[in-house]
S.K.: 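I have a structure I would like to understand better, so I am pasting it below and will then ask my questions one at a time.
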Amino acid sequence: MVTVAALAAAAGIALTGCSAGQHTQTSSQAAAINGNHADVGDISLRNVHIVYPEAASEHQKGGKAVLALSIINGSETVTDELTSVSTDLGPIKITGPAGGKFELQPQETVLVGPPSVTAAAETGDHHGTTTAAPTTTAAPTTAPGGGNSSASDAAAEQASIEITGLTENITPGLTYTVTFNFKDAGTVQVAVPVDAATSERVENEKSGPAPEGAGGGH
């Protein structure tokens with residue numbers, strides 16, 4: 001009887017240990033996040049990543065790369081400005097929300113990137129993005145000359161940050177250092193990941209364009 005009780009107790013301890021180990025492993029798993037984030041002064045950068053290109057060849061040496069992110073000015077009183085962005089990947093072209101200075105009004109969030117990416121951000125179609133202030137669109141509610149802005153105005157005023165003349169090939173899954181300089185908040189470096197293509201897109205690139213006359217139904 002003593003022997004049986006001892007064996008049962010030992011089995012219970014073994015099961016408990018196994019269960020505890022499994023629980024620890026599960027709790028350490030992190031949620032998937034599209035991009036990186038950073039803070040400097042009252043400025044927050046969220047979901048910073050390099051957009052997967054329309055053609056994979058664009059990300060080869062000599063090509064271009066487009067950054068996407070949300071820039072949030074958490075100050076209630078101070079207007080800040082993104083004065084420059086730099087990286088060893090190549091020269092960077094910055095276009096502000098209104099096509100001029102890249103200003104950030106108090107409590108404003110500016111969405112940067114291709115229209116399809118920023119539209120997804122506005123509708124919440126992304127993972128792991130957090131904000132430090134109420135979100136607004138990059139385009140103003142009124143056109144520069146007065147009156148209501150149209151959809152074409154919003155597209156024309158799209159904020160963008162583009163790396164041109166890449167000095168090397170860039171690869172999905174890797175990160176590249178990009179430095180953001182703000183007039184008031186200061187400077188911050190971000191390890192920026194490259195967005196990966198969807199499985200559907202990879203298959204399309206492998207197969208190439210469909211031959212003429214293909215795709216007919218029965």
Side-chain angles (χ1 to χ4, degrees), residues 33-38 40 43-72 81-104 109-123 125-129 137-139 151-183 187-209:
I33 298 176
N34 288 342
N36 210 339
H37 66 276
V40 56
I43 299 297
S44 300
L45 309 181
R46 294 292 181 265
N47 197 26
V48 188
H49 63 283
I50 295 174
V51 180
Y52 193 84
E54 290 298 322
S57 59
E58 290 182 16
H59 276 185
Q60 295 177 1
K61 184 176 180 179
K64 65 178 183 178
V66 178
L67 271 68
L69 68 152
S70 299
I71 306 179
I72 305 154
E81 178 185 346
L82 177 63
T83 56
S84 65
V85 180
S86 60
T87 176
D88 290 340
L89 288 174
I92 290 188
K93 177 183 177 183
I94 301 176
T95 303
K101 287 185 177 182
F102 204 120
E103 290 188 340
L104 298 147
T109 297
V110 173
L111 302 176
V112 180
S116 59
V117 173
T118 55
E122 285 179 329
T123 57
D125 185 16
H126 53 274
H127 305 286
T129 302
T137 59
S152 60
D153 292 331
E157 293 169 354
Q158 181 70 44
S160 68
I161 300 176
E162 181 178 282
I163 307 171
T164 61
L166 291 171
T167 58
E168 60 181 280
N169 297 344
I170 58 177
T171 308
L174 299 183
T175 60
Y176 300 88
T177 301
V178 179
T179 302
F180 296 83
N181 302 298
F182 295 91
K183 186 176 182 178
T187 299
V188 61
Q189 285 189 334
V190 185
V192 181
V194 182
D195 195 17
T198 62
S199 57
E200 179 182 357
R201 189 163 186 174
V202 170
E203 290 301 319
N204 289 340
E205 289 183 356
K206 286 181 179 179
S207 61

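Side-chain atoms are counted along with the backbone in the values below, which use heavy atoms only and exclude waters and symmetry mates.
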S.K.: Is any side-chain heavy atom of I161 closer than 4.5 Å to a side-chain heavy atom of V112?
M.R.: yes
S.K.: Which pair of non-hydrogen atoms, one from Y176 and one from I170, has the smallest distance, and what is that distance?
M.R.: OH-CA, 3.3 Å
S.K.: Of the non-hydrogen atoms in F182 and I43, which two are nearest, and what is the gap between them?
M.R.: CZ-CG2, 3.6 Å
S.K.: Please step through side-chain contact (heavy atoms from CB on, under 4.5 Å) for the pair H37 and V48, ending with a clear verdict.
M.R.: CA-CA 6 Å; H37 66 276; V48 188; 5.7 Å; no
S.K.: When rounded to the nearest 0.5 angstrom, what distance separates CG in L166 from CG in D88?
M.R.: 12.0 Å
S.K.: Determine the sole option in L69, I72, T109 for which the side chain to side chain contact (heavy atoms under 4.5 Å, CB included) test with R46 is passed.
M.R.: I72
S.K.: Taking all non-hydrogen atoms of both residues into account, name the closest pair between G96 and F102 and its distance.
M.R.: CA-CD1, 3.6 Å
S.K.: In chain order, what residues pass the side chain to side chain donor-acceptor pair (under 3.5 Å) check against Q189, with sequence neighbours excluded?
M.R.: T179
S.K.: Sequence neighbours left out, what passes side-chain contact (heavy atoms from CB on, under 4.5 Å) with K101? Give chain and number order.
M.R.: E81, E103
S.K.: Might you point out which heavy atoms bring Y52 and A196 nearest each other, and give the distance in Å?
M.R.: CD1-C, 4.0 Å
S.K.: Which residues pass the side-chain contact (heavy atoms from CB on, under 4.5 Å) test with K64, not counting sequence neighbours?
M.R.: E58, E162
S.K.: A side-chain contact here means heavy atoms from C-beta on lying under 4.5 Å apart; do N47 and S70 qualify?
M.R.: no
S.K.: List the residues meeting side chain to side chain donor-acceptor pair (under 3.5 Å) with S57, not counting sequence neighbours, and say none if there are none.
M.R.: none
S.K.: Sequence neighbours left out, what passes side chain to side chain donor-acceptor pair (under 3.5 Å) with S86? Give chain and number order.
M.R.: none
S.K.: Just how far is it from atom NZ of K183 to atom CG of L82, taken to the nearest 0.5 Å?
M.R.: 12.5 Å
S.K.: Quick check: closest heavy atoms across A159 and L111, and the distance to 0.1 Å?
M.R.: CB-O, 3.8 Å
S.K.: A side-chain contact here means heavy atoms from C-beta on lying under 4.5 Å apart; do L104 and V110 qualify?
M.R.: yes
S.K.: If every non-hydrogen atom of I50 is compared with every non-hydrogen atom of A65, which pair is closest and at what distance?
M.R.: CG2-CB, 3.9 Å
S.K.: Going by side-chain contact (heavy atoms from CB on, under 4.5 Å), name the residues that satisfy it together with T175, two or more places apart in sequence or in a different chain.
M.R.: A191, P193
S.K.: Could you check whether any side-chain heavy atom of D195 comes within less than 4.5 Å of a side-chain heavy atom of P172, counting everything from C-beta outward?
M.R.: no
S.K.: Carefully, step by step, assess L45 and V190 under the rule side-chain contact (heavy atoms from CB on, under 4.5 Å).
M.R.: CA-CA 9 Å; L45 309 181; V190 185; 3.9 Å; yes
S.K.: Start with the C-alpha distance between T87 and T177, add both sets of side-chain angles, then the distance that settles side-chain contact (heavy atoms from CB on, under 4.5 Å), and finish with yes or no.
M.R.: CA-CA 6 Å; T87 176; T177 301; 5.8 Å; no
S.K.: Nearest 0.5 Å please: distance from the OG1 atom of T167 over to the CG atom of L89.
M.R.: 5.5 Å
S.K.: Any chance you could measure I94, atom CD1, to L67, atom CG, to the nearest 0.5 Å?
M.R.: 10.0 Å
S.K.: We want to know whether T83 and N181 form a side-chain donor-acceptor pair, criterion being a heavy-atom distance below 3.5 angstrom.
M.R.: no
S.K.: For T171 and V194: C-alpha separation, side-chain torsions, deciding distance, then whether side-chain contact (heavy atoms from CB on, under 4.5 Å) applies.
M.R.: CA-CA 7 Å; T171 308; V194 182; over 6 Å; no
